[in-house]
Each structure stands twice: as C-alpha cells, then as structure tokens.
Amino acid sequence: MKQAYYIFSNGILKRNDNTLQLVYEDGQKKDIPIERVDELYILGETSVNTKLLDFLAKNNICIHFYNYYEYYVGSFTPRESLVSGKVLICQVQHNQDHGKRMALAKAVIQAASYNIYRNIRYYNKRGKDLESHMARIENLRDSINYCENIEELMGVEGNIRKIYYDTWETIINQQIDFRKRVKHPPDNMINSLISFINSLVYTKVLSEIYKTQLNPTVSFLHEPSTKRFSLSLDIAEVFKPLIADRLIFTLLNKNMINEKSFDVDQYYLRLKPQALKLITNELDQKLKTTIKHRDLGRDVSYQYLIRLELYKLIKHIIGEKPYQGFKIWW
C-alpha cells in the first residue's frame, strides 16, 4: 500500500536504479521502494537532483519542501497527466462569473463553518460550556447566504474563526496563552501547531488535486494568485476542522505535545524532531481513519473524502450535480 514518506534527516535523496535512496550525512543509506511511495515530505536539509525529479515525475509522485522553521515553501509536482480542456474551461468560467463563483465560495464556507460548529458542539456535550459561542456562530452562518461579494464572505469567515479560536482555551486541557491567530511568525505553541499542521493539510489536498482533472491554481473562495495553489486553500478550509483542529486537540489534551516539544530559536518556535515525527505519524493515522459513507455505502478514509470532494466539484462545474461541501455527519 502506498503511503506518505517524511524525511527529517539531513542528507541526499537520489535515484538508485529503480528505487529511491536516502544517504544520510554520516554515509549510511536507506532504500525506499518507489512502489510504496504516494508522496514525499522534505523537512530536513536534503539535496535532490534532476535525475531524481525525473524519476518521481515518471512515477507520478509529488514532493513537498519545508524550510528550517517548518514553513511550507513549495512542491515539485509531476507534469499533469489527467488533463481535461473541458474541465479547465468550466473551472475558469466559474471563477470569472460572479454568481457562479459566489455560489461555490458560499458552499465552501457553509461546510467549513458547519464543521467548526460540530467541533464546538462535541466539546460542549462533554462538559465544556460553549453554548454562547455556538449561538454566535449559528447567527453568523445564517448571514453567509446574504453576502454579496467575496470580501463580505471572508469577513464572515474571519469572525466565525475568531469565535472558534476563543473556545480553544476552554477545549484544550493545558494552560495555553492563545488570544488570536498569528502567522508571520507564529508567536506561541498553538499558533505554531496550527501553521504547521494546516500546511500539511494544504499539501495533502494539493496531492489529491493532482489525481483529478482540476487545476490547482483556479479557485473560488481565495483569490487566484501567483506562487500559490489557491484551490488547495479552498478545499483545505472544509477539512481543517475535521483533520487539523481535531488532531491538535488530541495532541494537546493527551499531553503528547507540550511546551517541551518546542525549541526557541531567535523568537521562533520550532518543533523538535521527535515532535515532528509524532505529528506526521498521528496525521497519517487520522487520514487512514475510515467512516461509512452514506451515499457510497462503503467505508472510505478521511484522505479519500478529500478526493471525493474534488470529484463533487468537477460534477458541479460541468453541470452534472450542484456542489454541496462536505459536512461531518457522524
């Protein structure tokens, strides 16, 4: 079975005949059978060459790079093989038509905010007093359909997230100082965790996009721009509450991650290597979690739910079936 591989050590990743080989700084070598690799994540100082990239492209494997401070910096993706002129034209038309774009952007926010609401409701039922936050989010969700442009919609989404983050000090069973979301750079343990895990979800979505006929740069909620795959940001919004946020709650409430999991480096917080390995392992386990799909009538993994979301988007833009964003139903 194919899986994601995370490389934390410094060294050289290269092609060795018909497989991958990681050469560590001390000269030790580790072979990685190419047929087992779904995607690669480089979190150490690892050198690659064009021979390796050509080999990865031929095997349709994405490779994602992170810098010293665990920020996502970019990806190498194989040349697109699942191309469809019809899907691309329809995707662009839905971006350019204000009404069509707003319909999709609202569906994304409706789904994302509902999944946020479900997270809060879960903890409210387990003795955390979050009733007032739930009511405020419900009121904001009611206003989504009345937004007339993307800026208004993003404003509503921002207010929902602010209320959501206000609940984290109640949800998390550790003493945390988390008053607001800070990204550049993250100013505390929680913001560092959110930034790192959200970036992993973003790249997971990107890898799934490349398994469909969608173009990752043409989006509906986030503004298409240079140097970013904005459709990944759109779809990641829907799944962050289910995958990223719930993972953070688990890691902190089970004390698997705490302040000792970080190094302070010139005011930046860096996760220690053992913490990085733990988080990526837990994320992969979560993505392998399966649920009984209501429409398909069979078990599907969280990761495959992302692919299904993209298929739903394709059906919408080619006029087969209106898109409804994924909402947690269990």
Side-chain angles (χ1 to χ4, degrees), residues 6 8 41-45 64-74 112-113 115-116 119-120 123 128 130 133 136-137 140 154-205 221-223 225 227-230 232-233 236-237 239-280 282-283 286:
Y6 301 87
F8 304 97
Y41 288 79
I42 305 295
L43 292 114
E45 293 186 19
H64 308 291
F65 297 91
Y66 286 70
N67 69 12
Y68 177 78
Y69 293 104
E70 293 137 13
Y71 291 134
Y72 169 71
V73 294
S113 61
N115 294 335
I116 283 172
N119 278 358
I120 300 176
Y123 285 98
K128 311 282 188 180
L130 302 171
H133 297 84
R136 290 162 63 196
I137 287 179
L140 283 168
M154 293 296 274
V156 172
E157 189 269 345
N159 288 331
I160 289 174
R161 283 220 160 259
K162 184 176 184 308
I163 296 168
Y164 182 41
Y165 288 139
D166 284 344
T167 69
W168 284 35
E169 285 192 336
T170 303
I171 290 174
I172 295 170
N173 298 328
Q174 288 191 36
Q175 288 291 331
I176 61 170
D177 180 16
F178 181 53
R179 298 176 184 175
K180 64 179 182 178
R181 181 80 174 99
V182 177
K183 300 180 182 178
H184 304 297
D187 62 346
N188 60 32
M189 180 175 73
I190 300 296
N191 276 315
S192 294
L193 276 177
I194 294 174
S195 291
F196 179 59
I197 296 177
N198 279 357
S199 72
L200 290 175
V201 173
Y202 168 82
T203 51
K204 295 289 180 186
V205 172
L221 175 63
H222 294 86
E223 202 63 42
S225 179
K227 299 181 181 179
R228 71 175 186 173
F229 300 111
S230 46
S232 289
L233 297 174
E237 287 293 335
F239 287 96
K240 283 189 297 188
L242 172 67
I243 299 172
D245 300 345
R246 288 191 177 188
L247 176 60
I248 292 171
F249 298 153
T250 298
L251 292 169
L252 295 175
N253 285 343
K254 291 185 177 180
N255 205 31
M256 300 164 76
I257 295 289
N258 53 43
E259 289 187 351
K260 295 179 181 177
S261 305
F262 295 84
D263 282 325
V264 180
D265 183 353
Q266 293 180 338
Y267 308 107
Y268 287 83
L269 286 175
R270 292 186 66 235
L271 282 155
K272 293 179 178 176
Q274 283 303 110
L276 284 173
K277 292 178 182 177
L278 186 149
I279 290 171
T280 53
E282 290 294 320
L283 175 64
K286 183 168 279 294

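The analysis underlying the following values was restricted to heavy atoms, covering all of them including side chains, and did not include hydrogens, waters or symmetry mates.
Legend: residues meeting side-chain hydrogen bond (donor to acceptor under 3.5 Å, both in side chains) with Glu45, ordered by chain and number and at least two apart, are absent. Considering only residues two or more places apart in sequence or on other chains, Ser232 meets the side-chain hydrogen bond (donor to acceptor under 3.5 Å, both in side chains) condition with none of them. Every side chain to side chain contact (heavy atoms under 4.5 Å, CB included) that Ser230 has, sequence neighbours left out, goes to Ser219, His222, Pro224, Arg228. With sequence neighbours excluded, the residues forming a side-chain hydrogen bond (donor to acceptor under 3.5 Å, both in side chains) with Tyr164 are Asn119, Asp245, listed by chain and number. Applying the salt bridge (charged side-chain N to carboxylate O under 4.0 Å, His left out) test to Arg136 and every residue at least two apart in sequence or in another chain returns nothing. Not counting sequence neighbours, Lys277 has no partner by the side-chain hydrogen bond (donor to acceptor under 3.5 Å, both in side chains) test. With sequence neighbours left out, the side chain to side chain contact (heavy atoms under 4.5 Å, CB included) criterion links Glu157 to Ile109, Arg161, Glu237. Looking at residues two or more places apart in sequence or on another chain, you find a side chain to side chain contact (heavy atoms under 4.5 Å, CB included) between Ala244 and Ile197, Asn198, Val201, Lys240. Listed by chain and number, the residues in a salt bridge (charged side-chain N to carboxylate O under 4.0 Å, His left out) with Glu169 amount to none (sequence neighbours excluded). Scored by the side chain to side chain contact (heavy atoms under 4.5 Å, CB included) test, Gln174 finds Ile172, Ile176, Met189, Leu252, Asn255, Asn258 as partners (sequence neighbours excluded). Listed by chain and number, the residues in a ring-ring contact (aromatic ring centres under 6.0 Å, His included) with Tyr123 are Phe249 (sequence neighbours excluded).
Ring centers of Tyr66 and Tyr71: at least 6.0 Å apart, outside the cut-off.
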**OP:** Please test Lys180 against Val182 for side chain to side chain contact (heavy atoms under 4.5 Å, CB included), starting from the C-alpha separation and ending with a verdict.
**Re:** CA-CA 6 Å; Lys180 64 179 182 178; Val182 177; 4.0 Å; yes

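Within the 4.5 Å cutoff, the side chain of Phe262 has heavy atoms near those of the Ser192 side chain.
No donor-acceptor distance shorter than 3.5 angstrom exists from the side chain of Arg270 to the backbone of Val264, with no hydrogens or angles considered.
Each salt bridge (charged side-chain N to carboxylate O under 4.0 Å, His left out) pair with one or both residues in residues 196-205, not counting sequence neighbours, appears once here: Glu39-Lys204, Lys204-Asp284.
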